[in-house]
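Beneath this line is the structure, given in structure tokens, with notes to follow.
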Amino acid sequence: MRGRTWAGAVLVLGVQLPALWLAAAVEVYTSKEVVAVNGTNQRLKCTFSSSSPTSQQLSVTWNFQPEDLSSHEPVFYYLKEPYKPPSGRFKERVTWDGNIERKDVSIIIWNLQPTDNGTFTCQVTNWPDVYGTIGEVRLRVVQKVNFSEIHFLAIAIGSASVLMIIVVIVVIICRQRRKNAQEKRTEVADTEL
């Protein structure tokens, strides 16, 4: 009886593996959070990987969920070519910035407003890979740029560079003065002789 059960399990698994292979998943990768300044443009990066080659049926859907958790709004759609939304808050404010061959399906949102705070989702299907993860990017639109580590690093490098230039100038001036003093001593010694 055990032999039949084991053989039956192998047979069932053998039949299901091709079906599982056809329903492989698409993996979508996005930044978790993006901070942008009010009135600027922001690229929302979304890339993907798929076990299947890029197909003609590849589609990309971008949606938006406002912070107040009201209903989702369409932002952008791609199927063989980019389609901008015909209406809504992102009409005339979103452009395609992706490259399908590089598995990049990014978009740019123009003239960001505080009402654009929320979560953007990026979903990719690439037949036969129709299931997979959905990328989420939380966008925060701020009035001004916060002092970040990058600013601190820029100030530190700039200050160190200025300090190095001052040290080099001081060393050159000191050496020149010593050289001049040495030449005067040599001239005085030569005239005394």
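What you see below is based on every heavy atom in this structure, not just the backbone, and it leaves out hydrogens, waters and symmetry mates.
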### Query
Can you list the other members of the hydrophobic cluster that holds Ile169, where links are side-chain heavy atoms under 4.5 angstrom apart?
Ile165, Ile173
### Message
I'd like to check the side chain to side chain contact (heavy atoms under 4.5 Å, CB included) partners of Tyr29; sequence neighbours left out, ordered by chain and number.
### Response
Glu27, Thr47, Ser49
### Task
Mind listing the closest non-hydrogen atom pair of Ala36 and Leu139 along with its distance?
CB-CD1, 4.3 Å
### Query
Which pair of non-hydrogen atoms, one from Val105 and one from Trp62, has the smallest distance, and what is that distance?
O-NE1, 3.0 Å
### Query
Looking only at atom types and distance, does a side-chain atom of Ser106 sit under 3.5 Å from a main-chain N or O of Cys46, one as donor and one as acceptor?
yes
### Message
A side-chain contact here means heavy atoms from C-beta on lying under 4.5 Å apart; do Ser159 and Leu163 qualify?
### Response
no
### Message
For the residue pair Asn111 / Gln113, report whether a side-chain donor-acceptor contact shorter than 3.5 Å exists.
### Response
yes
### Task
Name all residues meeting the side chain to side chain contact (heavy atoms under 4.5 Å, CB included) criterion together with Ile172; count only those two or more places apart in sequence or in a different chain, and write none if there are none.
Val168
### Validation row: Val75, Ile107 side chains within 4.5 angstrom (heavy atoms)
yes
### Message
Filter on salt bridge (Lys or Arg N to Asp or Glu O under 4.0 Å), then keep only pairs touching residues 42-69, sequence neighbours left out; what's left?
### Response
Arg43-Asp97, Arg43-Asp104, Glu67-Arg138
#### Entry: Backbone of Val37 reached by a side-chain donor or acceptor of Thr40 within 3.5 Å
yes
### Query
Which distance, rounded to the nearest 0.5 Å, do you find between the CG of Leu58 and the NZ of Lys103?
8.5 Å
### Task
Would you mind listing every salt bridge (Lys or Arg N to Asp or Glu O under 4.0 Å) that reaches into residues 108-128, with sequence neighbours excluded?
Arg93-Asp116
### Task
Linking directly or through intermediates, with side-chain heavy atoms under 4.5 Å: list the remaining ILVMFWY members grouped with Val167, chain and number order.
Val171
### Least distance between heavy atoms, Val94 atom then Lys84 atom
O-CE, 3.6 Å
### Non-neighbouring partners of Ser50 that pass side chain to side chain donor-acceptor pair (under 3.5 Å), sequence neighbours left out
Asn126, Asp129
### Query
Other hydrophobic cluster members with Leu79, side-chain heavy atoms of Ile/Leu/Val/Met/Phe/Trp/Tyr under 4.5 Å, chained?
Tyr77, Tyr83
### Contact summary for Cys122 and Val60, nearest pair of heavy atoms
SG-CG1, 4.4 Å
### Query
Do side-chain atoms of Glu73 reach the backbone of Ser71 as a donor and acceptor pair under 3.5 angstrom?
no
### Task
Without swapping roles, check the side chain of Ser55 against the backbone of Gln57 for a donor-acceptor pair under 3.5 Å.
yes
### Message
The criterion is side chain to side chain contact (heavy atoms under 4.5 Å, CB included); which residues satisfy it with Val162, sequence neighbours excluded?
### Response
Ile166
### Task
Could you list the residues that satisfy side chain to side chain contact (heavy atoms under 4.5 Å, CB included) with Glu136, not counting sequence neighbours?
Thr119, Thr121
### Phe120: partners by ring-ring contact (aromatic ring centres under 6.0 Å, His included), with sequence neighbours left out
Phe64, Phe90
### Message
Suppose we screen for side chain to side chain donor-acceptor pair (under 3.5 Å). Which residues come up paired with Thr95, at least two apart in sequence or across chains?
### Response
Trp110
